[in-house]
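Remarks on the structure that follows.
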Amino acid sequence: MLSNKSKPYKGRFAPSPTGPVHYGTLVAAVGSYLQAKKNNGEWLIRMEDVDITRKVDGADVDILKTLEAFGFQWHGKIIYQSEQTAHYQQALEQLISQSLIFPCLCSRKQLAKSDSTIYPGTCRSRQLPEKNEHALRLLSKDISIEFNDAVMGRQSQNIKRQCGDFVIRRRDGLFAYQLAVVVDDALQNISEVVRGADLLDSTARQIYLQQLLNYQTPDYCHLPLAVDDSGNKISKSEGATKIDLRHKEQQLISVLEFLGQKPPEDLAQSHINDIWSWAVEHWDVSYISSKKHIQPVLSQK
Ligand code: GLU
């Protein structure tokens, strides 16, 4: 298999259409975009609406309009996870045929009683088919998954002890994010995943799935998470303020600084296209802090 470095670069930005673009979303968009540009690669957009219960009508269009206003240019057709179900089902069947999937009847209430956040293995010995309402979980093996993150460094997680048997298809019939993201990254031939550090912990599970499904593992690059002054994630789903398109230049400069880049003082007065040109030319991943949480300073320049 070719290493990711010797393949054409393909990056992606994968927002969940649960609200408008906020600072944290912009960080992931800018970071993934500049990595793709710097590597002369393609940058794809995927709407992660696999959890249709969290989807907000029109949020996808709103996100795309904001990206367009900032001058982002994406490649090809935008994939919507809600239209990818047949692919997820095929991957699920592949896992079932390896006897790695079991039905889980535990309710959320029952699971909440367990001391640990890791699934206690209650239904591990159950077999498919199952008549009662159930989720589908993947059997976790006692193996350690290791990877080098471009920003966060060497990572290692034991699947059995630190992740447990995780959900592949929810009780309500929806496929879980972990499966959807792995299938889509493989289908779209993504060579590097650049995203927020809130997903660093999910990566070992995703690599575990890639190995079971015989997919290639992309490179990973997790960016610090923008937090507010009480340390909470600034995200679209937590009532954070929307990006103000009247101050695009300042916002972009602020995101670049958040990502450790060093734009010159007067760049904020330049046209957005010139800020992008500067950013692509000077983009350096090694400047990004490996702190998982950072409070951004919104530049007033
Ligand atoms: N859809 C996720 C989010 O908006 C990102 C998932 C990913 O990049 O893998 O937080």
Side-chain angles (χ1 to χ4, degrees), residues 4 10-36 42-56 59-64 66-67 72 74 78-84 87-88 91 145 147 149-152 155 163 166-168 170 174-210 215-227 232-240 242-243 255 259 292-293:
N4 291 312
K10 261 196 178 191
R12 47 58 154 199
F13 171 55
S16 306
T18 52
V21 173
H22 292 288
Y23 195 87
T25 341
L26 197 58
V27 168
V30 170
S32 58
Y33 189 68
L34 290 173
Q35 262 297 82
E42 291 178 2
W43 186 69
L44 280 59
I45 296 185
R46 179 196 310 145
M47 284 294 165
E48 297 212 316
D49 59 352
V50 66
D51 184 356
I52 45 169
T53 63
R54 288 181 58 228
K55 184 171 162 180
V56 171
D60 56 339
V61 176
D62 196 54
I63 292 171
L64 295 175
T66 306
L67 295 177
F72 286 93
W74 53 91
I78 296 171
I79 280 192
Y80 280 72
Q81 287 187 323
S82 53
E83 294 165 10
Q84 296 275 94
H87 296 292
Y88 308 149
I145 299 280
F147 64 99
D149 189 87
V151 171
M152 300 294 160
Q155 307 290 319
C163 307
F166 57 95
V167 173
I168 292 292
R170 300 171 7 172
L174 293 176
F175 284 100
Y177 156 73
Q178 306 292 3
L179 181 78
V181 77
V182 162
V183 170
D184 292 335
D185 283 337
L187 277 175
Q188 295 188 292
N189 251 316
I190 299 301
S191 61
E192 185 179 52
V193 170
V194 181
R195 60 186 178 192
D198 51 336
L199 291 161
L200 187 61
D201 244 25
S202 287
T203 309
R205 271 171 282 175
Q206 293 173 14
I207 297 176
Y208 178 55
L209 270 171
Q210 287 153 5
Y215 297 162
Q216 203 169 349
T217 292
D219 291 334
Y220 285 95
C221 172
H222 286 87
L223 308 171
L225 209 61
V227 291
N232 297 319
K233 176 181 170 184
I234 303 181
S235 82
K236 48 196 182 226
S237 43
E238 281 148 34
K242 187 180 166 176
I243 284 290
V255 168
L259 291 171
K292 282 194 202 150
H293 299 113

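Note that ligands are numbered from 1 as they come in the structure, with each ligand's atoms numbered from 1 the same way. One is the number of the first residue; the rest follow in order along the sequence.
Salt-bridge check for Arg54 with Asp49: failed, with every basic side-chain N at 4.0 Å or more from each acidic carboxylate O.
Ligand 1 has no nitrogen or oxygen under 3.5 angstrom from a nitrogen or oxygen of Leu199. The shortest N/O to N/O separation between Arg12 and ligand 1 falls below 3.5 Å. On a distance-only criterion, Ser16 and ligand 1 share at least one N/O pair closer than 3.5 Å.
Relative ring orientation between Phe13 and Trp43 is described as parallel, the plane-to-plane angle staying below 30° on a 0-90° scale split at 30° and 60°.
Taking every non-hydrogen atom of Arg195 and a distance limit under 4.0 Å, the qualifying atoms of ligand 1 come out as 7 (C), 8 (O), 9 (O). Those atoms of ligand 1 with a heavy atom of Val181 less than 4.0 angstrom away are 9 (O).
Distance check: Tyr220 OH to Ile190 CD1 gives 10.5 Å after rounding to the nearest 0.5 Å. The structure places CD1 of Ile79 at 12.0 Å from CD1 of Ile45, a figure rounded to the nearest 0.5 Å.
Here the rule is side chain to side chain contact (heavy atoms under 4.5 Å, CB included) with Asp184, and of His87, Gln84, Arg12 only Gln84 fits it.
Contact between Phe13 and ligand 1 is absent, with no heavy atom of the residue lying under 4.0 Å from the ligand.
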